[in-house]
Number of protein chains: 2
Amino acid sequence: MPAYKTRAQYVADDLRRRILAGEFPGGTQLRQDALAQDYDVSRIPVREALLALESEGLVEFHPHRGAFTTELSVAKIRELFELRVLLETYILRQAIEHLTDQDLDKAEDILLKYDEALNSGGQIDNWSEYNFAFHEALYAPADLPETLALISQLNTKSDRYIRMQLLYTQEIEKAEQEHHGLLALARERQAEAACELLKKHIHEACEGIVSVLEKPVT
Amino acid sequence: MPAYKTRAQYVADDLRRRILAGEFPGGTQLRQDALAQDYDVSRIPVREALLALESEGLVEFHPHRGAFTTELSVAKIRELFELRVLLETYILRQAIEHLTDQDLDKAEDILLKYDEALNSGGQIDNWSEYNFAFHEALYAPADLPETLALISQLNTKSDRYIRMQLLYTQEIEKAEQEHHGLLALARERQAEAACELLKKHIHEACEGIVSVLEKPVT
DNA sequence: AGTCTCTGGTTTGTATACAATGTGCAAAAA
DNA sequence: TTTTTGCACATTGTATACAAACCAGAGACT
């Protein structure tokens, strides 16, 4: 438990990672005792971690019956992605109004670093983090922390499903191209065009997920 | 603790009510031991309740230092209300597309019940609940549960400040009139006009709060 | 056979006890 | 006087122990 303030936070972070990585399919029961043994702590910090994940929408508590990983229906996934379109185009518009060249350079740094990682090995393990880091860098100049927090929340909720879609590396390359496109449009302060591309970007991700969900692996 | 599944949930609900009622001004430290004695429970359910409220944005934990009620800056309040405009106009548009007459009647019921309560005594204690119940009834036909949950979350966060504004009963009457207006426009399926009114409705509430915050009671 | 009730075991929810961290004050050093 | 160090206390974080709720299966009843 390297350098964490509390055990509960460490468990929460690691458990989130495991859930998002798909270790626990939707609907599996998370037994407090088992997790406590896993992390070599008592059930108290485990419970607190599970409560934190509940508020993030990754887990659901049924009183006296325990915690279960949540499962999103196709309808809810579509709903989440529509919300993302709404909020992210809103914040992008605000961001473009306030962008400085330094902001753009920061975003580009992240992008290039990931391009390298892609070419030199194809580690897509932490794609989600890179992906959100890029978007966040692009959105940060809007200076709307509450909005950004909400967007982050929505991203976490859909992350588990995004990974399913990313099994196909060609999807990643397309997404990466669109990221470059977004950055270019932001540089030119083409707010409307950028928002259109972002909308397309998010919709594509959504459709990718839905198509995987509806035709399970054969 | 009448008919609650768990003590933690009871404490969370009651504590939320107390915080929203303004019993603990922003920045107050919430001592676990004191609350435990208040509710005659141990500190464990109190901690879990505080964690739940943290995820709602009403409380902040500082590791090993405890939980404090949050305080929103004017900038953040404005941000929250802009988010509400964005999300609530979005859901209202969807709702109006699917509205049935029964939906409208349900919303009207809530409105009339509150009108009565207003005339017969002026209990504004639970105005927030009535207010949200009406909006919820209006939004429900959109059938977007995730979106509605997010809206509910934003409302909770701003509730504490709304009460400040509502000290002036004339504000309530104005809001109530606008509710009737919203309902009428919804009946006529005038989506755009309804959204405009809603936007105005939310903005007015925001400005009311900000003006109270910036000129403290004299 | 099918339904119902009871009971033992399992798991969660909470109380109590202990450990670890942070805070404030007092005494020592500059 | 001002700053620093150390210690006692208060409060949080967590382990352990216990109580209460759920569940599964066996036997009783129709």
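The structure displayed is predicted, hence computed values, not measured ones.
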Audit row: B/Asn155, B/Ser152, side-chain hydrogen bond (donor to acceptor under 3.5 Å, both in side chains) steps and yes/no: CA-CA 5 Å; B/Asn155 273 270; B/Ser152 165; over 6 Å; no

B/Asp33 atom CG is separated from D/dA10 atom P, nearest whole Å, by 12 Å

Interatomic distance, CD@B/Glu146 vs CG@A/Leu72, rounded to 0.5 Å, equals 6.5 Å

In whole angstroms, the gap separating C1' of D/dG13 from CZ of A/Arg47 amounts to 15 Å

Rounded to whole Å, CZ of A/Arg31 lies from P of D/dC22 at a distance of 15 Å

Nucleotide by nucleotide, nucleotides 16-22 of chain C touches protein heavy atoms under 4.0 Å in the pattern (B base, S sugar-phosphate only, - none) BB---SS

Rounded to whole Å, OH of B/Tyr10 lies from C1' of D/dA20 at a distance of 20 Å

On DNA chain D, more 5' by nearest nucleotide between B/Gly66 and A/Val41 is B/Gly66

Worksheet entry | Check: B/Phe68 ring centroid to B/His62 ring centroid under 6.0 Å | yes

Taken to the nearest whole Å, CG/B/Leu35 to C1'/D/dT12 is 13 Å

Query raised in the report: Which word best sums up how the rings of B/Trp127 and B/His179 line up, parallel for under 30°, tilted for 30 to 60°, or perpendicular for over 60°?
Result: parallel

- [ ] Take A/Leu15 and A/Leu50 through the side chain to side chain contact (heavy atoms under 4.5 Å, CB included) test and state the conclusion after the steps.
- [x] CA-CA 8 Å; A/Leu15 206 53; A/Leu50 288 172; 3.7 Å; yes

Residues passing the salt bridge (Lys or Arg N to Asp or Glu O under 4.0 Å) test with B/Arg84, sequence neighbours excluded, are B/Glu88

Between CD of B/Glu48 and C1' of C/dA15 the distance, given in whole Å, is 13 Å

In whole angstroms, the gap separating C1' of D/dT12 from CD of B/Glu54 amounts to 14 Å

Report yes if a side-chain nitrogen or oxygen of B/Gln32 is closer than 4.0 Å to either non-bridging phosphate oxygen (OP1 or OP2) of D/dG13; otherwise report no.
-> yes

A/Phe61 atom CZ is separated from D/dC22 atom P, nearest whole Å, by 15 Å

